[in-house]
Trainee: 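There's a structure below that I have some questions on.
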Amino acid sequence: MADRPHDDAKLGDNRPKLSLHVPEPKFRPGDAVDFSHIQVPEAGAQPRPDETTKPEDMLDFAHGLIRVLGEDNKAHGPWDPKLDPETLRTMLGHMAMTRAFDERMFRGQRQGKTSFYMKCTGEEATSVSASMALAADDMVFPSYRQQGILIQRGYPMIEMINQIYSNRGDKLKGRQLPIMYSSKEHSFFTISGNLATQTPQAVGWAMASAIKGDSRIAATWVGEGSTAEGDFHSACLFATVYNAPVILNVVNNQWAISSFSGFAGAERATFAARGVGYGIASLRVDGNDPLACYEAEQWAANRARANAGPTLIEFFSYRAEGHSTSDDPSGYRSAQERDEWPLGDPVMRLKNHLIEIGEWDEERQEKMDLEAAEYVKKTTKEAEENGILGHGLHHPFRTMFEDVFEELPWHLKEQAQQAIHERETKFPEGLPNGGKGA
Ligand SMILES: Cc1ncc(C[n+]2csc(CCOP(=O)(O)OP(=O)(O)O)c2C)c(N)n1
């Protein structure tokens with residue numbers, strides 16, 4: 001108190017009282033939803049600047065919304081990637097497969113076959129379409145919601161399911177929480193549970209590629225909630241300082257579990273605008289428009305390959321389902337939000353576009369959906385032969401001590417022997433559920 005200019009509380013009473021702003025989402029459970037405050041520009045309205053344009057000449061792109069597919073289901077404007085119908089059907093197929101996979105894995109969790117699962121429903125374009133614009137050996141650093149990249153890159157689905165079941169076929173030997181995939185062969189970086197850590201790692205990988213004079217680029221995906229992490233700042237700063245050939249994809253699906261995007265700063269600025277202060281070219285894109293997602297990623301990839309620098313892309317989308325199998329969104333948001341979402345559903349939009357241009361029909365769509373569901377079912381059955389949660393078919397117990405370090409140190413050798421001995425003493429006939437002790 002002694003250091004304050006006035007001890008007398010009455011002095012300064014004419015100043016306005018300070019007040020704290022605590023963000024509050026517009027709609028809570030039971031509320032009627034009105035998304036009319038969201039600005040949705042006409043498809044095709046945005047120009048497409050050259051990939052080497054200076055970031056300061058691109059400020060409008062951080063605040064607008066790049067859109068290609070219009071209400072008329074036609075492709076408009078300079079961001080139309082003009083993909084041939086075969087490629088469009090492939091894109092639709094990968095998105096439909098991702099959705100079918102999510103459906104079955106979610107049910108598998110409810111049936112107790114796995115402990116955990118996370119869907120990406122409504123966000124399929126942000127992974128599938130975006131990764132289609134990259135080369136197969138460009139390195140991706142995803143979050144846990146880009147399973148569409150693995151499907152698009154042809155990663156065997158049985159490996160995904162083995163990992164989800166932590167069974168004896170699991171390439172990660174049951175060490176990782178379900179869905180935290182890793183595939184070096186598919187240039188898909190090991191997923192970590194710690195949010196945003198992959199973003200500076202992606203930048204570092206891109207820097208290494210540039211140091212070596214390689215031609216591969218890196219791309220990372222992160223949720224809008226995760227951009228609040230300090231690591232995201234580090235990623236942006238290193239990317240811009242070293243002109244790293246990297247794409248920072250921010251999937252703004254409006255929610256971080258039960259926290260709406262306002263808590264990550266959405267009330268003050270777009271997430272694309274976050275790149276502006278770093279001098280990073282930034283695009284804000286309709287994340288439910290598969291063609292816009294593809295072309296924005298292509299633009300950023302061209303930019304990185306031309307040594308013209310990093311790009312930050314905000315995919316404006318909506319998390320249509322719960323955060324995970326452990327979440328019930330009816331506890332914190334209005335059930336109407338999904339239906340009212342002004343940008344629609346990415347799978348439906350691409351399907352309707354293909355029908356509009358005479359390259360698809362409802363019958364073929366039905367057949368494709370059925371085939372996708374059948375394929376996932378068949379692959380699930382195959383994976384189940386390697387074991388499901390709690391059935392005892394998993395990697396040998398001792399393997400949990402391996403790979404902590406490159407070489408097994410003496411103290412871990414001792415711990416492994418002790419653990420195996422204790423198990424054999426306790427369960428001389430093997431584990432009660434039929435699993436092997438060691
Ligand atoms: C460093 C860290 N903090 C908190 C968590 C717990 N957590 C897991 S997912 C999540 C929400 C992330 O939301 P967002 O980044 O928007 O991605 P989304 O789940 O919507 O795809 C949180 C807080 C975590 N895994 N790591």
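Computed from a predicted model, the values in this text were never measured in an experiment. Numbers for residues simply follow the sequence, beginning at 1. For ligands, and for the atoms within them, numbers begin at 1 and follow the listed sequence.
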Trainee: Kindly determine whether Phe189 and Trp205 satisfy ring pair (Phe, Tyr, Trp, His ring centres under 6.0 Å), including the steps that lead there.
Mentor: CA-CA 10 Å; Phe189 192 73; Trp205 193 97; 9.4 Å; no
Trainee: Quick one: are Gln254 and Trp341 in side-chain contact, heavy atoms under 4.5 Å?
Mentor: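 Gln254 vs Trp341: side chains touch.
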Trainee: Return a yes/no value for Ser226: is any of its N or O atoms, backbone included, closer than 3.5 angstrom to an N or O of ligand 1?
Mentor: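 Right, the criterion is met.
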Trainee: Check Glu224 against ligand 1 and report side chain, backbone, both or neither, counting heavy atoms closer than 4.0 Å.
Mentor: both
Trainee: Would you mind checking if Asp31 and Lys26 are paired as a salt bridge, meaning a charged N to carboxylate O distance below 4.0 Å?
Mentor: no
Trainee: Looking at Phe397, I'd like to know if the NZ or CZ of Arg423 sits under 6.0 Å from its six-membered ring centre while staying within 45 degrees of the ring's axis.
Mentor: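 Yes - Arg423 lies over the ring of Phe397, closer than 6.0 Å to its centre and within 45° of its axis.
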Trainee: Out of His323, Gln254, Glu229, whose heavy atom sits nearest atom 3 (N) of ligand 1?
Mentor: Glu229
Trainee: Under a 4.0 Å threshold between the charged nitrogen and the carboxylate oxygen, would Arg305 count as salt-bridged to Glu51?
Mentor: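 Salt bridge: no.
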Trainee: Polar-atom distance check: Gly225 versus ligand 1, any N or O pair below 3.5 Å?
Mentor: yes
Trainee: Side-chain contact test, heavy atoms from C-beta onward, threshold under 4.5 Å: evaluate it for Tyr144 versus Tyr181 and give yes or no.
Mentor: no
Trainee: Any nitrogen or oxygen of Glu123, main chain or side chain, under 3.5 Å from a nitrogen or oxygen of ligand 1?
Mentor: no
Trainee: Below 30° counts as parallel, above 60° as perpendicular, anything between as tilted: where do the rings of His411 and Phe405 land?
Mentor: perpendicular
Trainee: At a 4.0 Å cut-off, with the gap strictly under it, does some heavy atom of Ser143 reach an atom of ligand 1?
Mentor: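 Checking ligand 1 against Ser143, which is what was asked, there is no heavy-atom contact under 4.0 Å.
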Trainee: So which protein heavy atom does atom 17 (O) of ligand 1 come closest to, and at what separation?
Mentor: Tyr144 OH, 3.4 Å
Trainee: Ignoring angles and geometry beyond distance, decide whether Arg319 reaches within less than 3.5 Å of ligand 1 through its nitrogen or oxygen atoms.
Mentor: no
Trainee: Show me which atoms of ligand 1 lie under 4.0 Å from any heavy atom of Gly193.
Mentor: 24 (C), 25 (N), 26 (N)
Trainee: List ligand 1 atoms under 4.0 Å from Ile257, heavy atoms only on the residue side.
Mentor: 10 (C), 11 (C), 22 (C), 23 (C)
Trainee: Number the atoms of ligand 1 from 1 as they appear, then name those within less than 4.0 Å of a heavy atom of Asn253, with their elements.
Mentor: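 Selected atoms, number and element: 18 (P), 20 (O), 21 (O).
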Trainee: Is it true that the NZ or CZ of Arg284 lies under 6.0 Å from the centre of Phe61's six-membered ring and within 45 degrees of the ring axis?
Mentor: no
Trainee: Does the Thr240 side chain pair with the main chain of Leu237, one donor and one acceptor, at a distance under 3.5 Å?
Mentor: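 Pair absent, no side-chain N/O of Thr240 close to backbone of Leu237.
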Trainee: For Arg145, take its heavy atoms, then give the atoms of ligand 1 lying under 4.0 Å from any of them.
Mentor: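 In order of numbering, the contacting atoms are 18 (P), 19 (O), 21 (O).
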Trainee: Which residue supplies the protein heavy atom nearest to atom 22 (C) of ligand 1, what is that atom called, and how far is it?
Mentor: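 Result: Leu195 CD1, 3.4 Å.
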Trainee: I want to know if ligand 1 touches Ala256 in the polar sense, i.e. an N/O pair below 3.5 angstrom.
Mentor: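 There is no such contact.
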